[in-house]
Each structure stands twice: as structure tokens, then as C-alpha cells.
Amino acid sequence: MASYQVLDAASTSPSDYSDGTEEHGIPNYGFKVKLDHKFPEKWKPLKVLRIHQIFSLIMPFFRFLMLFRRLRREGRKPFINALRPVQHKPIYGVPIGGIGAGTINRGWKGDFSRWSLTPGLYTYKTVEVNQFTVCIRKNNQTVYQKVLSCRKPKNKHLSSAWNWGFPGSQASYTGLYPRAWTVYTIPEHNIKLVCRQVTPIIPGDYKNSSLPVGVFVWDIYNEGDEALEVSIMFTWLNGMARKTDKCGGRWNESFKAEGKKAAVHGVKLHKAHDAMNCTMGISAVEREGVSVSHCISFDPKREAGNLWRDLLEDGALSTDSGASTETDKGKLTAAAVCSSCHVEPSGKNQAEFALVWDMPQINFKLKGYKYKRRYTKFFGSDGQATEDLSLYALENYGDWEEKIEEWQQPVLNDKSLPSWYKSALFNELYFISDGGTVWVESTEEYPNGSKHAHTWSHDLVREYGRFGYLEGHEYRMYNTYDVHFYASFALAMLWPKLELSVQYDYGNLVEHEDQEYFSDLSEGNYAQRKYTGSIPHDIGDPEEEPWVKVNSYLLHDTNYWRDLNSKFVLMVFRDYQFTQDKDFLKHMWPKCKIVMESAKEHDTDDDGVIDNCGKADQTYDVWVVTGASAYCGGLWLAALKCMCEMAEILDHQDALTEYKTILDKGKISYERKLWNGRYYNYDSSDKVYSDSIMADQTAGHWYLGACKLVNRDHHDQDVQNVFPVSNVQSALRTVYEMNVLSMKDGTFGAVNGMRPNGKVDSTSLQGEEIWTGVTYALAANMIQEGMLDEGFQTAFGVYHTCFHRAGLAYQTPEAYMKRKVYRSLGYMRPLSIWAMQWALENQTKDTHGPKENGDTVMH
């Protein structure tokens, strides 16, 4: 096993563990990196394929090109932009913003550099004026003033007007979502600044978790023997790093909000004439010993020098009040808030800032229906909530942090868990808010009118809202169900009402039919968009109207996919086991029966196991499967087992007999066709790759284990279980040996396909990829089978590669390969790491713990 370097004062290597006790309230665990760090490996998006892989994609690419041109003429974007994959930037940190409120990413170097406030739209630009600046005064004279950024901006006026280039070696970052800490050391003045970034992502809290806010708490430590005056200035552009920032009609105004705990002073930044109006606010707390000043408007391209000199003069801004005039076309405006305080020798003081945005109503690209964001339930939808949100955030962030610590501490304090895992578990959760996520109110029974009956809202949906997150930053489809199958553990464990909301939406769609036809990009065939009895691939593209127009994935006809219906049944029963909500189970029972009847049609030889069609028909959508398959066949048998359990719980004896009969027959057929004495073959065909070792081959058993439907105590467990436990464990050991340890000595994750001779299965692109979320799910499966060391080693490879080697932190891709390329940045599936936590929390007493040897990769 390998080990990696722990971050210390002399190291610039990223780490997950700080040796020693917590200092300044910074947790020992998290993504830790010096601000001058440079990642050792250069990675790029996947652009080059093998010749035989290219051949099968020539016509689909040509059809995609035609689609791209047509949509471009219509002012739209395709659901996947295969022509322009996003180049990663090794700069991102913990994002701010609640679930469904949109997010702004503050990178680990301190720059605000990725924006997703408009549903489904990402902007990858660093706004150079958005910065924190420190001013230090001694004996009424300014002795130090510097922007707390290591970079030098491209804006020539900003570059010359402000003092840039804070030494990266004197600053370090710790990210542990939903909080982050940046420590700046200024030794020449014996000052240490600790910026703590807080967003209220709190499990089970369906109010605070939805808020469009971020709080920055600056702890100022004077480690010298002279008193100092220290000011922190927060500057912010009125805009979101887009061309529309210069369209004119923007103005700023000051505000003051008095609360029971705080008095807040700040600036609201408005824009006019926009379909989705957004008012942003920056503010700071004024209290005894801490004063707040502000500048309501300055042009960052022309007037930044005036602002700098204003602060330099006396450590405060020449506060103006009221509102600025609206900008002319082509002009920019920004604002600033400054918090100033006195710090005694060996003393401490604090500056508290809030960044909020009030975008109460949203719509998708077609500009059809308007939706109210979830937070409007508590703060109103009239666009006047900026002051209330600012005050609420600055008065309550302490309570939020207590709840976050209460949630995270049991994991962080568990000495049996690897240090990297503690970081990975929480940091991979970033996608729950940063996945283009929307969380909207659905107060009406039919929120979009009775003509769209499939948008009917269940009582739970009307109470807790409607939830959607993209498949990925680049794969813009909401709630992609074959991927949600893996990622949904995060929702189910932390916000179960949102998981049930998603399930009710999909349940509504079971009997829905959309007779619109489209030409699939894979083969050019005309296909109906949605058939009755099928689970849709997704609930829509943000370029269209999600929840109304579903199945926006045009690459294939997904109505006949072999995994979707089985996954629906498995998730329904898993969610019942999580929540014990029997009303939910009763509601879903008839839906499950319908999808099982549809799926049963794929059993072409009536042997109890569904068959794949030899074309793309499941989540591995370019890795063709023919006949019975380990993956889809296993999911089908697991779904049959869940149907038997549901039938017994709900006392449907006839259904129980029916499903048990099919299951008993299918178990025999599955083992006969696929088990080779060591693992389950990829499929039962005569293809050259039919005996490939698939990392995900025991996914059905994994879900049954998560549903607590694996019997480990019975004397004849192979009769009681769908899959013989001994076979599953043999298959997992084989996968570990072949698919995991062969990848950079087990530090790279699990390759999807491996040939029995030890060579990667390169017959398909996806066969030779490592799927991040599948690797985490595989690790969860191993943990459920008592293979903790193997599970942690397997999962470590993904986190180590993304966060340590490649600089892919907070943008974990769907897939990567040994040749240092990745595909689909910022992907949903890695949320499956929460399946590992679910497995850990439900281990049987006889399961051994992971090794505690500090020299192993796990520590």
C-alpha cells in the first residue's frame, strides 16, 4: 500500500489530515492545501479515442453536429456539448449557497470563480474585483494593506491600483463542506487572519438548507506586543461574470438592518429588466468595538484606485448613503463593505460578513412556467428579501455551525475511519447544492395546470417542494434516474423528504405518455419520447421545461432501457426501509407493478432473467450488452426480491406467489448462465468481451444489502438469498484483485472492465474508464460484505486521484482514465460515497474494522 504526505508548514502537498490538535477551530480533517500549491499532474478532457471506438461513433457524432447547429439557430444548447468539453481548473473550493438556491464557488486561492445562479447554466470566470482586502494600522498610520489573493488580475487598472500578490506560502486552505477555512499569516506585523466560510447545509433542516447565503467570519489574531487597528474590506461586482453585466440599468443602494442579536450594514446590488431578477447583498455586523463603513458604488475599471486610497487613508471607507445612479450600457459598478476593529496585543477580534442573493422566481430557458425557490416559503417572493436574509444569516450562523458540527463530529472523531474518507464523505457532498440544483415550491395540486396531469403534486411534494439536480455540470439533464440510483443515498440519508419528493415525481410519470417523436443520435431511428409503463431517463433539460417535458436524453431511446424500471423498484423499497413510510409504499405499489410488467417483456426466453438487446440499453450506454447480463440481470432479480417483500408487507399474497415464482426460476438461470466459478461474466453472449470482469457486476446484491435483505445467519443462506453470498464475495475479491489493484497499485479506483488475462477491456470506451461513483458504490458493496480494508482502498483511489493528483476538487468527474483524461466534470454519481457511510452505519457486529496502521493508504 502507498501513503501520502501530510500537510505541514514546510509542505505544499495537499492532504486530508493536519497532524496535531485543532487550532483556531479548524478541523483536523478536510481538503488541506497551501495557496501556492501546484498539482503534480496535468489532466485534460477526453478528446481522443481508440480507432475502433471512433468507428462506432462517427454517425452519432455527425447527427449530434446537425442537432447542435439546429439548436444554435434556435438560441439553445444541446443536453451535452460534445464539441466543447469543459477544461478543468485546479482552483475550486467549497461553494456557497443552499440547496436549490444556486451557488457561487470560492476557490481555495480565495477567488470567486464559478457561478451557477441561473438554473442549468454555469459561468467559469473569476471576477477579479470580488475580493477581501486587509488594512493594518498602528499609531494612526497604515502600515500594511494588501488584497488577500495570490494572483495578479488581467484588469490593468485593478492590477496597478491595488496591492496584489499575497504570498501563497503564508496561507493555507481547509475545505470540509459546507464550511471552509483560509489562514493568512502576516509575520511582519504579527497578524494571523482566519476566514471561516459557512453555508447552512444541515441534514433534516428543510428551511435553512435552502437559503441563498454565505457567511464569512474573520477571526483576527494579534500575536504581537502592540495594539493594532485591523480592517477587512469586502468588494463585490454587481453582476455574475457575464456579458449582461455591461447591459446597463444596474444600481446599488445602502441598507441597515437591526435585529435582536446584530446590527447589519451593507449594500444591495440591483439589476433591471431581467426575466429572473436577482438582488445581491454584501453586509457586515456592527457592534461594540467593531465599526462598519461602505462604498455603494465604484467602477472597477476606472475608480478602483480611489477606493484603495480611501481605505489606505484611515482604514475605513467614506460611507455614502442612498442609491447610486443606474449604469449606462458598457459600464460596470461594484460596491464595498469594510469592517474595522481594535485588536489588543495577544488579543483577538472578529469581522463578520454576509453574501446573499435574492432570486425568488426562476424559469427555464423556454421561459414558460415560473417557479418560486424554496426559500421564498420563509422570506417571501417579492424580491425584497436581501436585508432580511443578510440579518438572518449573520444572527444565526452560530446555530448553523453547532448543527453542522453535531452532524459531522461522530464521523470526524471516529478513529477507525481513514482520514481521507472523512474529507471525501463531506467534500463530495458539494454537488447536492452545486449540481445546477433547483428546489422549488409546489403548493398546488397541479402546479402547471390540469392539462399536465403527470405534474400532479403529492401532499409531501406540496409541503417540502420539488427537487431537481443535474446529471452533471456538462450533462444537463435533471434527476437522471440511472445515475440517481447511485447518488440518491445522500438525499435518502440526509434529506429523506426530498428523496421521497423525487420518487413521487417519477411515480407520476409511470403512466405518462408523450407521443412526440425524435431522431435518436445513436442510430438515427425515430422514437417516441415517452411510453406508458417506463421510467423516464430524466425529468427534463433546463433548455426545455423540466417536469413537463421529460426524457431529454436524445442519444438513445431509453423507453426500453433494461435498468431503469428495476432501479425504480429497488429505490422505492430502499426508501421505504430508510423512512418506514408505509403510505409511500402503498402509493408506489401499483406503480412498481406496472414497471415490472413492462420489464418482464425483456425476458425473451422466459427463464426468469431479463435479456439485453445488443444495443445501448442501460447506464453503460456505449458498452453494449447482449443476452443475460450480470448487471441488468442482477438488478432485475433484486427488484423481484423487493417486490416479494413489498407484497408481503402489504399483504398481496397472489402477487407474492407470482414474483417469488419468477425469482426462483431466475436465480437458477442467472447462476447457470453467468457464474464461471470465480465471478459473474459480463453477459451470456459469444462476444469477445462476454467474460470480462465488470466492476459493477454485483450491483443488485449491493442494493439488497442496503435494503437489509441479505441473510447472513441462516444455515442455508444460499437458499434464502437471491445471490449466493459466497459467490458475491468471490466476485468482489476478483474485482479487487483485477480491477482495483492493477490500477496504479490500487491507488486509482476500479476500472469498469478487465479481461481475465489482466488487460483492461478496451473494446468500449466505458470499459476502460474508471467511474468515480461506481467505484464508491463498489466500495460500499465491499464494506457490506465485511471487506472494509478492500473497500476503503478501492474508494481511496478516486478521492486521491481527483483531489490530490489532478486538481479536480469540487468538480469530481463521471469518469477518468490512466492516460490522465477525464469525462464530464462535476458529476452526480460520486454522491454514492454516502452509500459507504450507510454501509458503515449498518455493519453487523462481526465485521472487522479497517487497519489502524498509520503507514497504510487509509490513514
Side-chain angles (χ1 to χ4, degrees), residues 4-40 89-96 105-113 126 131-134 136 144 146-152 164-198 214-223 230 232 348 350-351 401 408 412 419-420 422-424 426-427 430 799-800 802-810:
Y4 55 85
Q5 190 174 16
V6 172
L7 182 73
D8 59 33
S11 171
T12 58
S13 299
S15 181
D16 306 299
Y17 177 71
S18 178
D19 198 9
T21 58
E22 294 184 8
E23 186 179 9
H24 305 311
I26 303 171
N28 269 332
Y29 305 99
F31 172 61
K32 294 177 177 287
V33 63
K34 286 282 190 179
L35 267 60
D36 62 350
H37 174 69
K38 294 183 179 180
F39 286 90
K89 298 177 182 178
I91 61 174
Y92 296 121
V94 171
I96 60 171
N105 191 281
R106 185 171 188 251
W108 52 267
K109 293 186 178 183
D111 299 312
F112 294 88
S113 48
T126 296
Q131 298 288 348
F132 287 100
T133 296
V134 62
I136 302 173
Y144 183 91
K146 205 172 193 69
V147 180
L148 294 170
S149 172
C150 306
R151 71 195 306 271
K152 193 168 185 179
W164 297 81
F166 189 90
S169 60
Q170 294 176 199
S172 62
Y173 180 86
T174 298
L176 191 69
Y177 184 82
R179 296 190 294 171
W181 295 257
T182 312
V183 179
Y184 303 87
T185 303
I186 308 173
E188 61 267 42
H189 296 290
N190 298 306
I191 284 288
K192 181 174 286 185
L193 306 173
V194 181
C195 176
R196 188 166 79 254
Q197 173 186 316
V198 183
V215 175
F216 302 93
V217 183
W218 289 81
D219 290 326
I220 304 167
Y221 297 89
N222 181 357
E223 299 176 339
V230 180
I232 304 290
K348 172 190 172 184
Q350 194 173 76
E401 290 195 278
Q408 293 185 339
L412 300 182
S419 59
W420 69 265
K422 298 173 183 182
S423 175
F426 296 112
N427 280 323
Y430 84 96
Y799 182 76
H800 180 55
C802 293
F803 278 71
H804 293 171
R805 284 181 170 139
L808 289 164
Y810 309 103

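Hydrogens, waters and symmetry mates play no part in the numbers below; they use all other heavy atoms, side chains included.
Summarising the geometry, atom OH belonging to Tyr29 is positioned 10.5 Å from atom OG belonging to Ser15; distances are rounded to the nearest 0.5 Å. Taking NZ of Lys146 as the start and CD1 of Ile136 as the end, the distance is 11.0 Å to the nearest 0.5 Å. Atoms CD and CD1, from Gln350 and Ile232 in turn, are 11.5 Å apart once rounded to the nearest 0.5 Å. Distance check: Lys152 NZ to Cys150 SG gives 14.0 Å after rounding to the nearest 0.5 Å. Rounded to the nearest 0.5 angstrom, Ile191 CD1 and Tyr221 OH are separated by 11.5 Å. Expressed to the nearest 0.5 Å, how far CD1 of Ile186 lies from NZ of Lys192 amounts to 11.5 Å.
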For this session: Go through the steps to decide whether Tyr173 and Val94 satisfy the test side-chain contact (heavy atoms from CB on, under 4.5 Å), and finish with yes or no.
Result: CA-CA 10 Å; Tyr173 180 86; Val94 171; 3.6 Å; yes
Exercise. When you look at His24 and Trp181, which way does the side-chain contact (heavy atoms from CB on, under 4.5 Å) test go after all the steps?
Worked result: CA-CA 10 Å; His24 305 311; Trp181 295 257; over 6 Å; no
For this session: Could you give me the CA-CA distance, side-chain angles and deciding distance for Asp111 and Gln131, then say whether side-chain contact (heavy atoms from CB on, under 4.5 Å) is met?
Result: CA-CA 7 Å; Asp111 299 312; Gln131 298 288 348; 3.0 Å; yes
For this session: List the steps and the verdict of side-chain contact (heavy atoms from CB on, under 4.5 Å) for Gln197 and Thr182.
Result: CA-CA 8 Å; Gln197 173 186 316; Thr182 312; over 6 Å; no
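Ser423 and Leu176 get closest at one heavy-atom pair: CA-CD1, 4.1 Å. In terms of heavy atoms, Lys32 sits closest to Asp16 at CD-C, 4.5 Å. Contact detail for Ser169 and Lys34: the closest heavy-atom pair is O-NZ, 3.5 Å. In terms of heavy-atom proximity, Ser113 sits nearest to Gly107 at OG-N, 4.1 Å. Nearest heavy atoms, Tyr184 versus Leu148: OH-O, 3.6 Å. Closest approach of His37 to Pro14, counting heavy atoms only: CE1-CD, 3.1 Å.
Taking the six-membered ring where tryptophan is involved, the planes of Phe31 and Phe39 are essentially parallel, since the angle between them stays under 30° and well short of 60°.
In this structure, the ring of Trp218 has its center less than 6.0 angstrom from the ring center of Phe132.
A distance-only check finds a donor-acceptor pair linking the side chain of Asn105 to the backbone of Gly93 [under 3.5 Å]. Ser149 places a side-chain N or O within 3.5 Å of a backbone atom of Arg151 that can act as its donor or acceptor partner. Distance alone, capped at 3.5 Å, is enough to place a donor-acceptor pair between the Asn427 side chain and the Tyr177 backbone.
Counting heavy atoms from C-beta outward, Arg106 and Phe216 have side chains that approach closer than 4.5 Å. Looking only at side-chain heavy atoms (C-beta outward), Leu412 and Asn28 stay at 4.5 Å or farther from each other.
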